[in-house]
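In what follows, a structure is listed as structure tokens, so that the remarks can point back to it.
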There are 2 protein chains.
Amino acid sequence: MRVASAVDLGGVVRARRKRLGWTQQELADRAGTSRQWMVALEGGKGRAELGLVLKALNALGLTVDLTAQDAPAPRPSGGSVDLDALLAAYRRDR
Amino acid sequence: MRVASAVDLGGVVRARRKRLGWTQQELADRAGTSRQWMVALEGGKGRAELGLVLKALNALGLTVDLTAQDAPAPRPSGGSVDLDALLAAYRRDR
DNA sequence: TCACGATGTCTTCGTACGACGACATTTGGT
DNA sequence: ACCAAATGTCGTCGTACGAAGACATCGTGA
């Protein structure tokens, strides 16, 4: 499963957790985080801590792999509007 | 490349950046972060924001894939010492 | 050797994190 | 329909984040 955003990741986590038949509390205990944090992660929280995320994925038995593309992403255009940033600000995270 | 920890990720980022011949400043600009943040990430910062990490990986042309293992990680034992946590506390992050 | 760019480190500042407890709402089983 | 568990949300609190600027050090080429 390819992951490009925090929302993607949240979906994967939730799907995997349900497949294992775990509650959010159970996963939180195994990952060493709070239940509320799990709620936020599954909801696609973009500002979650990397370390906690890796712990959660490990607890779920999910392996993270990085593969290099031939060409990296293009430089962000300085002249036009950054829709990504605008959306992010509008949504106030989550 | 498999990634299990923040330190792993930092190494991958640094290697990929150098392979592309970019400076930390250049990568930071492309990812929309500060140069100091890139320094910390490459150093294995575990408390970095997930969203910024994904942006950096995307800027580098690195794709993130999650694959499910047959069995998830075992529950953390309540009786013994959590060496992971002890090490983390000792190292005071970074 | 000198100069300059790249990298690492420190401080300040505003902001949001994550844990926790409490409460509201939803879901699933009988 | 009922009840209990699971999930979502809200506040508070201590802590650390990430941006920015300044400075020290390192590496490399002239």
Side-chain angles (χ1 to χ4, degrees), chain A residues 5-7 9-60 75-76 78 82 84-94, chain B residues 5-7 9-60 75-76 78 82 84-94:
Chain A
S5 72
V7 175
L9 212 170
V12 174
V13 167
R14 161 152 293 180
R16 174 69 171 165
R17 175 177 64 80
K18 293 206 163 181
R19 167 164 281 275
L20 292 172
W22 293 353
T23 72
Q24 291 178 338
Q25 183 69 66
E26 170 124 24
L27 174 53
D29 288 345
R30 290 170 181 262
T33 73
S34 67
R35 185 179 64 84
Q36 291 93 328
W37 184 86
M38 278 304 319
V39 174
L41 181 68
E42 291 189 354
K45 184 178 186 75
R47 307 194 59 165
E49 282 185 14
L50 173 62
L52 296 184
V53 174
L54 291 176
K55 276 190 177 183
L57 295 179
N58 181 58
L60 285 167
R75 225 184 208 295
D82 185 350
D84 233 25
L86 283 183
L87 258 184
Y90 173 68
R91 287 176 177 151
R92 293 274 176 168
D93 203 33
R94 183 161 325 182
Chain B
S5 71
V7 174
L9 214 171
V12 173
V13 167
R14 163 152 292 180
R16 174 70 171 166
R17 176 178 64 81
K18 291 206 163 181
R19 166 163 282 274
L20 291 172
W22 293 352
T23 72
Q24 291 177 337
Q25 182 69 64
E26 171 123 24
L27 174 53
D29 289 345
R30 290 171 181 259
T33 73
S34 66
R35 185 179 63 82
Q36 292 92 328
W37 184 87
M38 278 305 318
V39 174
L41 181 69
E42 291 189 354
K45 184 180 186 73
R47 305 194 59 165
E49 282 184 14
L50 173 61
L52 296 184
V53 173
L54 291 176
K55 277 192 177 181
L57 295 180
N58 180 59
L60 284 167
R75 224 186 208 296
D82 185 350
D84 234 24
L86 282 182
L87 257 184
Y90 173 67
R91 287 175 178 150
R92 294 274 176 169
D93 205 32
R94 185 159 326 180

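Proteins get letters first, then strands, A, B, ... in listed order; numbering begins at 1 in each. Reckoned from all heavy atoms, side chains included, excluding hydrogens, waters and symmetry mates.
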* Asked: Could a donor-acceptor pair under 3.5 angstrom be found where the side chain of B/R35 meets the base of D/dG21?
  -> no

* To the nearest angstrom, how far is A/W37 atom CH2 from D/dT7 atom C1'? -> 17 Å

* Would you state whether a donor and an acceptor, one from the side chain of A/Q36 and one from the base of C/dG21, lie under 3.5 Å apart? => yes

* If only atom types and distance count, is the side chain of B/R17 paired as donor or acceptor with the main-chain N or O of B/W22 below 3.5 Å? -> yes

* Structure fact -> Per nearest nucleotide of DNA chain C, the residue lying toward the 5' end, A/A48 or B/E42, is B/E42

* Take the protein atom CG of B/D29 and the nucleotide atom C1' of D/dA19, then report the distance between them rounded to whole Å. => 13 Å

* Considering just the side-chain nitrogens and oxygens of A/R17, establish if one lies under 4.0 Å of OP1 or OP2 belonging to D/dA6. => no

* Asked: In whole Å, what is the span from the NZ atom of B/K18 to the P atom of D/dG27?
  -> 10 Å

* Provide, to the nearest angstrom, the distance between the CD atom belonging to B/E49 and the C1' atom belonging to D/dC17. => 7 Å

* Structure fact -> Separation of C/dC17 atom P from B/K45 atom NZ, nearest Å, is 15 Å

* Asked: Can you check the B/L50 CG to C/dG18 P distance for me, whole Å?
  -> 10 Å

* Structure fact -> Among the nucleotides D/dA19, D/dG8, C/dC17, whichever has the atom closest to the side chain of B/S34 is D/dA19

* Asked: Can you tell me how far P of D/dA16 sits from CG of B/L52, to the nearest Å?
  -> 19 Å

* A/R30 (side chain) donor-acceptor with A/A59 (main chain) under 3.5 angstrom -> no

